[in-house]
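Here is the structure we will look at.
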Amino acid sequence: MEINLLAGSSPHLKSGESTQKIMRDVIIALLPAAISSVYFFKVKAAMLIIVTVIACVTAEYAWCRITKKENTISDMSAAVTGILLAFNLSPSVPIWVAAIGGVFAIIIVKQLFGGLGHNFVNPALAARAFMMASWPVQMTAWQKPGWDAVSSATPLGIIKNGGGISGQMPEFWDMFLGNIGGTIGETSALAILAGAAYLVIRKVITLELPIAFIGTVGFMTWMLGGEAMFTGDFVYHIFAGGLMLGAFFMATDYTTSPVTFKGRIIMGIGCGLLTSVIRLYGGYPEGVSYSILLMNLVVPMIDRFLIPRSFGGGAVKNA
Amino acid sequence: MIKAIKSFRGGIKPGHHKVTAELETVKMPLPSKVVIPMLQHIGAPCMPLVKKGDRVLVGQKIGDSEQMIAAPVHSSVSGTVTDVRPVLYSTGVEVMAVEIKPDGLQEVHESVAPPVYTDKEGLLRSIRESGLVGLGGAGFPTCVKLSPPPGKVLDVLVINGAECEPYITSDYREMMENPEGIVEGTKRVMEITGVAKAFIAIEENKPLAIESISSLIKDGDNIEVVSLATRYPQGGEKQLIYTVTGRRVPVGKLPADVGVLAQNVATVAFIANYLKTGMPLIKKKVTIDGGAAANPMNVEVLIGTPLKEVFEFCGGFCEEPRKIIMGGPMMGVAQYSLDNSVLKQTNALLAFNENQAVETKESVCIRCGKCVAACPMSLMPLYINANVMRGNFEETMKYHVNDCMECGCCSYVCPASRHLVQSMRQAKAELRKLAARKQGGKN
């Protein structure tokens with residue numbers, strides 16, 4: 001009896017988890033926000049999502065063909081980048097601008113730095129920053145939800161311009177459900193929380209980073225956001241703008257966030273501080289995406305300085 | 001019965017696959033030959049004491065070493081030595097082995113008699129003579145463990161009945177079929193080491209075993225049954241000691257450094273039997289399972305029996321086996337040939353079919369951090385892997401690669417199917433080489 005046996009290093013058992021399955025879960029988790037974006041911003045939102053996904057996936061495919069690398073579109077990470085990029089765009093952004101953003105995210109930010117797992121900043125956010133610098137008018141032309149392109153300010157924009165004047169600020173429930181101006185994917189806190197809950201249940205993300213991020217923004221805006229200390233309207237700061245989307249879906253991006261619990265807390269607090277400072281004292285009404293991009297840059301350092309002590313390490317002096 | 005006081009960090013919850021749990025152990029008849037290697041323990045290999053043509057008897061010592069850390073080897077059959085030759089272990093080392101053709105008489109050697117001793121040293125010597133090694137899988141000579149270095153005082157004994165690896169149920173069968181032996185062995189080890197308190201620790205997914213052992217413990221025995229959370233690697237020595245006693249074994253140190261002695265249930269049960277009969281370690285309870293095994297079961301096998309004959313006795317294969325694992329699926333060693341023998345520390349033989357054996361293709365690390373969360377030793381497997389891939393072996397020391405116990409949790413959870421444990425092993429081997437080179441340069 002001659003049998004051809006496989007040898008190999010232990011373990012001989014696998015959980016069956018794969019990159020593709022994780023990315024599929026992320027896409028499922030993004031669906032509620034996608035549906036709400038189409039509900040509020042109608043066909044404009046649907047077009048933006050479709051165009052950015054096609055641009056990202058096509059760019060990834062073309063890159064793999066040109067560089068003669070294995071085709072990686074089946075890991076679905078390019079599609080995730082596409083959806084996230086669309087979510088970060090105002091409904092008034094022209095289709096061709098969105099398409100260029102998608103190509104930039106995949107080719108310049110992701111592939112030129114080594115592809116999946118090697119990009120040091122979040123591709124969708126870096127592309128958004130690039131688009132903000134290149135087409136600032138189109139990128140910040142906000143609209144009211146609905147079929148007609150009625151221009152409107154975002155809640156944070158209202159606050160920035162000395163707002164808070166009664167009648168201008170949207171109701172809390174409109175903000176929670178997403179019936180406000182903003183990027184197409186960020187407006188509905190409800191949809192984002194539903195998706196985030198799915199990611200937590202599926203163990204794709206852990207909560208320490210989003211909680212540290214949102215908690216820091218809440219605390220800082222409560223402390224410093226009002227006329228006097230500790231009178232700021234932190235509820236508005238938490239539910240308005242891109243904080244929910246950023247905290248649960250952008251900051252938790254595996255490649256550009258720390259791998260340890262402590263590291264993720266530090267990243268969350270750092271993002272929260274930067275967001276609060278930009279919102280309260282900076283030139284822009286919103287700071288979530290820049291704060292995440294800035295913290296992305298220090299992730300390698302966070303991981304290097306936070307190498308954990310081994311179990312049993314340092315507990316007893318070595319004789 | 002008490003609950004574990006602590007919970008170790010990390011770990012995984014793989015499926016149990018313990019389908020053989022309630023199957024009573026079946027004794028396998030004499031094989032056509034036995035091939036008994038001279039190294040079935042951690043330590044120095046033994047030298048063969050017999051030569052081709054010699055007649056040997058059951059329990060006769062056929063190999064021994066003068067080194068401290070070693071355990072003698074005995075014949076499991078009576079018969080004629082047909083060969084003494086080197087064999088290749090699946091770990092890649094070549095060791096001498098004695099091949100014996102049984103005569104079917106199973107005549108017992110005259111040396112097999114209840115050991116007589118007058119003091120502790122004598123008792124330890126006879127335990128050494130029994131050839132006993134840790135039966136949990138690692139195979140460290142038991143007598144060495146029972147005699148801690150001077151200055152180290154043991155005060156707690158932890159008996160390991162966790163059996164946290166999937167598939168394996170041989171320890172569970174020992175707990176169900178021989179609970180008296182385990183309790184008695186625990187008492188003997190307490191006497192030998194002067195330890196006043198013992199815990200018999202069992203994962204809570206084995207309620208019948210917890211019950212069968214608890215029912216034998218009387219007040220005043222100073223033995224406590226501890227139920228453990230069902231999580232891998234609950235039976236890892238350092239994890240077990242921490243959950244049961246709350247003591248952390250420092251890195252690079254032994255359990256004795258925190259006053260603890262840990263022994264496997266099968267090991268103490270053997271000690272109880274040996275002190276009564278004097279029969280050295282010549283047989284093992286082994287779980288046979290895996291998708292390609294026709295009849296998953298527990299068998300009592302003579303040490304040295306070729307794997308092929310064990311599987312044949314268990315009904316052979318129901319489909320073509322693609323991987324044969326000695327031990328559990330998490331830490332067991334894949335065998336290159338079915339001609340290899342059952343060893344002292346063999347507790348399971350798994351025949352994996354095509355589906356179970358073929359590995360998924362490695363893809364790039366997405367830095368998900370699941371390996372970091374799963375590591376019971378608090379390491380960062382992804383960075384060790386990345387440094388090994390670049391050939392930066394010295395850099396892996398910053399990531400404490402030498403503290404890795406190769407439990408396999410990181411590779412198990414990795415969505416990119418990266419060969420994390422393999423790269424840890426490679427890093428450790430390269431670091432050993434580097435250290436040796438530096439040592440050589442100095443002298």
Side-chain angles (χ1 to χ4, degrees), chain A residues 1-23 25 70 72 74-75 77 114-120 203-206 252-261 263-264 299-300 303-304 306-319, chain B residues 8-9 12 14 90 166 238 248-253 257 308 320-325 329-338 352 356-360 363-370 372 376-380 382-383 398-400 403 406 408 411-417 419 421-422 425:
Chain A
M1 180 172 53
E2 202 45 56
I3 326 178
N4 181 16
L5 291 178
L6 287 171
S9 176
S10 67
H12 310 285
L13 204 58
K14 292 275 179 175
S15 61
E17 193 61 81
S18 74
T19 303
Q20 195 185 21
K21 282 183 192 164
I22 290 173
M23 294 298 166
D25 274 342
E70 198 190 340
T72 51
S74 62
D75 68 23
S77 61
L116 183 65
H118 292 95
N119 50 284
F120 63 94
K203 297 200 167 93
V204 173
I205 61 166
T206 46
T252 54
D253 170 41
Y254 286 154
T255 305
T256 54
S257 64
V259 296
T260 56
F261 180 87
R264 290 183 188 131
V299 164
D303 273 359
R304 199 167 314 153
L306 284 181
I307 298 174
R309 267 207 302 241
S310 310
F311 177 71
V316 172
K317 272 186 212 138
N318 284 352
Chain B
F8 68 92
R9 176 202 188 277
I12 54 169
S90 282
K238 290 183 173 184
R248 289 169 201 261
V249 181
V251 293
K253 298 277 175 177
D257 289 290
K308 196 191 296 178
E320 196 193 349
R322 295 289 279 122
K323 200 183 233 182
I324 302 289
I325 300 158
M330 295 305 295
M331 291 188 76
V333 181
Q335 303 292 305
Y336 69 92
S337 164
L338 280 169
F352 272 9
Q356 295 169 312
V358 172
E359 289 192 10
T360 14
S363 57
V364 292
C365 172
I366 53 171
R367 292 178 36 87
C368 64
K370 285 180 198 284
V372 180
M377 296 306 289
S378 303
L379 307 183
M380 295 175 123
L382 78 158
Y383 287 120
K398 281 190 200 150
Y399 292 98
H400 318 297
D403 298 338
E406 301 170 16
S411 296
Y412 175 85
V413 297
C414 181
S417 298
H419 303 308
V421 176
Q422 197 173 343
R425 291 202 176 104

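Taking 4.5 Å as the limit, every side-chain heavy atom of V364(B) sits out of range of all side-chain heavy atoms of T72(A). Side-chain contact check for L379(B) versus Y399(B): every heavy-atom pair is 4.5 Å or farther apart. Between V204(A) and I22(A) there is a side-chain heavy-atom pair separated by less than 4.5 Å.
Annotation: maximal heavy-atom pairing with chain B below 4.5 Å, among G117(A), P308(A), S15(A), occurs at S15(A). When each of Q422(B), M331(B), R322(B), H400(B) is checked for heavy-atom pairs under 4.5 Å with chain A, R322(B) comes out on top. For the set E406(B), H419(B), K370(B), R9(B), the entry with the most heavy-atom pairs within less than 4.5 Å of chain A is K370(B).
No part of S77(A) comes within reach of chain B, as not one of its non-hydrogen atoms sits under 4.5 angstrom from that chain. Residue E70(A) touches chain B through its side chain alone, counting heavy-atom pairs closer than 4.5 Å. Looking at D253(A), neither its backbone nor its side chain comes within 4.5 Å of chain B, counting heavy atoms on both sides. With a 4.5 angstrom heavy-atom cutoff, P376(B) touches chain A only via backbone atoms. The contact between I325(B) and chain A is made entirely by side chain atoms (from C-beta outward), counting heavy-atom distances below 4.5 Å. Interface remark: P321(B) contributes backbone and side-chain atoms alike to the contact with chain A (heavy atom separation under 4.5 Å).
The side-chain contact (heavy atoms from CB on, under 4.5 Å) search around K203(A) returns none, not counting sequence neighbours. Checked against side chain to side chain donor-acceptor pair (under 3.5 Å), S9(A) has the following partners two or more places apart in sequence or in another chain: R425(B).
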One pair to check against side chain to side chain contact (heavy atoms under 4.5 Å, CB included): I12(B) and M330(B). What are the steps and the verdict? CA-CA 11 Å; I12(B) 54 169; M330(B) 295 305 295; 3.6 Å; yes
